[in-house]
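Scope of the values below: all heavy atoms of this structure, side chains included, with no hydrogens, waters or symmetry mates. Since the model is a prediction, treat every value here as computed from it, not as a measurement. A note on names: the letters A, B, ... follow the listed sequences, proteins ahead of strands, and every chain is numbered from 1.
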Amino acid sequence: MSSSVAEKVREIIAEQAVLDTEDVKPEATLEELGIDSLGLVESIFAIEEAFDIQVPFNANDPSESDFDISNVAAIIGAVEKLVAEQERAAGG
Amino acid sequence: MKRVVITGQGTINALGHSAADTCAAMRAGTLGIGELDIRDVERLAIRIGGQVRGYVPEDHFNRQQIALYDRFTQFALLAADEAIRQSGLRFDGDLALRSGVVLGTSGGGMTTLDENYRSVYEEGKNRVHPFVVPKLMNNAAASHISMTHNLMGPSFTVATACASSNHAMGQAFQMVRTGASPVMITGGTESMLCFGGVKAWEGLRVMSRDACRPFSANRNGMVQGEGAAVFVFEEYEHAKKRGADILAEVVGFAMTSDASDIVMPSKQGAARAMRGALADAALSPEDIGYINAHGTGTAANDKTECAAVAEVFGAHADRLMISSTKSMHGHLIGGTGAVELLACIMALRDGVIAPTIGYEEPDPECTLDVVPNTAREATVTAVLSNAFAFGGLNAVLALRSV
């Protein structure tokens, strides 16, 4: 499951950055990928839609959100955690 | 007071995707109204409209732009590009700092509203795309024009229903005339041909199921259209100095309020607006050769408008021409006056009067020369463009040839 979450997150970020998925490296920051604040909000929306999860992200103060966006690997980790919580809650 | 001239025009509407194509279609008396091609059309009682055909957003905008631009913004951007390209203006330095955009729109991003209401109410979704607000807001089109063309002066949106674009262009005219701005981009845009947009109008029971036939005795209501038209209003000396091609001069503007009824028009309010525009332009009634009518094809508007014209122009009312191009492109609501200004400019510049098509039977209450069915060649030097909105808000522009 986990690797497919990572792949899907990278695909979403790649689409937003207008890059090929393989060019979205785990250590890259969103800024390096050219994703601005609107692009970030749109990516989070796409992640929520793709995994049917709620991402605790507040665009007013991203650093205060309980969702690490410091780089691609951090976002993937945070999404994996949310997906796992969702599955536990669903009794899966 | 400075003189104000028009140095660029652009449009996309049911008659064409450019000003040249639209004027050619008006000249040919083309019907742009047809069967609506929209989602859930089978649940509508009214299934016709002046829809923009053959339009592919991806031909003009990239994926990110489309995510942010409602259809009404897309139309406005395309019309503005065409108008500004024709004007030959580039906005930088002081010109950029002082020039702006005033656009008319009534519904704003109605397609965005419609799609997202559908998703949360009908489909029960609890999450909407993050750009819903910046996409649907009424000023989105004006803002995107300002961003695309680096217009950093006064920009805003005017919403006065069916008079929105005339009020907007009147405002732009006054800003250039008083010297507040050397150039203003102005006009209107509307895209209400979605399920909710048509359903709302249906409720009022003033819509025709078959055609818009202004001034014809057998008329049975209005037909909606969509699209945008945008113009470059420029201070005369500024335009002259750079050798710009001047399309027409804007010479007068007046607005009045009926202060009587939220939907029924008033002869007095309409007449006061026309008289006011003439006075503002220092024109006498006999100077006017053509009026682009509000001419919606409803019983209430057409009778009232003809009576108001008869009152203002007296005996000259029988000599001037008055036509409603809504018969061809439909009623673009907040964008309608802008598309109709193209017919005014064509009359002044090319000596071609756009017809009122679909005219079948004379109406004893509308006996003016409505240029029935066929365009006419005539030399006119001054024209009026009428817009009389729901809510009793009237706005009339006066233009002259240069």
Side-chain angles (χ1 to χ4, degrees), chain A residues 5 8-21 23-24 28 30-69 72 75 78-79 81-83 85-87 89-90, chain B residues 39 56-74 76-77 101 108-152 155 157:
Chain A
V5 169
K8 185 71 202 164
V9 170
R10 283 175 67 208
E11 277 171 24
I12 288 168
I13 293 172
E15 197 191 345
Q16 199 55 238
V18 199
L19 291 171
D20 289 333
T21 309
D23 294 330
V24 177
L30 295 180
E31 197 182 352
E32 285 163 2
L33 296 170
I35 294 177
D36 62 7
S37 63
L38 270 185
L40 169 60
V41 174
E42 206 183 8
S43 303
I44 287 174
F45 168 74
I47 288 168
E48 288 186 331
E49 289 285 284
F51 301 106
D52 194 22
I53 54 174
Q54 295 288 338
V55 173
F57 174 80
N58 184 339
N60 294 302
D61 193 352
S63 63
E64 285 300 299
S65 304
D66 189 18
F67 186 76
D68 188 354
I69 54 160
V72 173
I75 294 171
V79 173
K81 202 173 121 212
L82 288 167
V83 170
E85 281 168 12
Q86 169 99 337
E87 282 166 358
Chain B
R39 190 171 167 187
V56 181
E58 289 77 10
D59 290 349
H60 307 277
F61 304 107
N62 65 36
R63 189 192 66 86
Q64 277 132 322
Q65 289 172 317
I66 291 168
L68 265 178
Y69 301 166
D70 181 273
R71 195 169 164 90
F72 93 111
T73 296
Q74 296 176 23
L77 281 166
V101 193
M110 208 166 225
T111 309
T112 301
L113 271 175
D114 205 48
E115 283 170 359
N116 286 282
Y117 278 153
R118 190 192 290 276
S119 111
V120 295
Y121 293 148
E122 183 182 317
E123 292 156 17
K125 281 192 67 175
N126 279 326
R127 186 185 296 128
V128 297
H129 192 277
F131 299 170
V132 170
V133 168
K135 206 170 167 183
L136 69 77
M137 62 192 193
N138 270 42
N139 60 313
S143 294
H144 283 297
I145 292 174
S146 82
M147 287 182 257
T148 304
H149 296 282
N150 195 36
L151 299 155
M152 295 187 279
S155 293
T157 295

*Interatomic spacing from CD in A:E42 to CD in B:Q64 - rounded to 0.5 Å*: 7.5 Å
Within a 6.0 Å radius of atom [atom1] on [X], are there more than 12 heavy atoms belonging to other residues, nucleotides or ligands?
{"X": "A:N58", "atom1": "CG", "result": "yes"}
{"X": "A:E31", "atom1": "CD", "result": "no"}
{"X": "B:N126", "atom1": "CG", "result": "no"}

*Which pairs pass salt bridge (Lys or Arg N to Asp or Glu O under 4.0 Å) with one or both residues in residues 126-140 of chain B, sequence neighbours excluded?*
A:E48-B:R127, A:E49-B:R127
*Between B:F131 and A:L38, which heavy-atom pair has the shortest distance, and what is it?*
CE2-CD2, 3.4 Å
*Pick one of side chain, backbone, both or neither for A:I44, based on which atoms fall under 4.5 Å of a heavy atom in chain B.*
neither
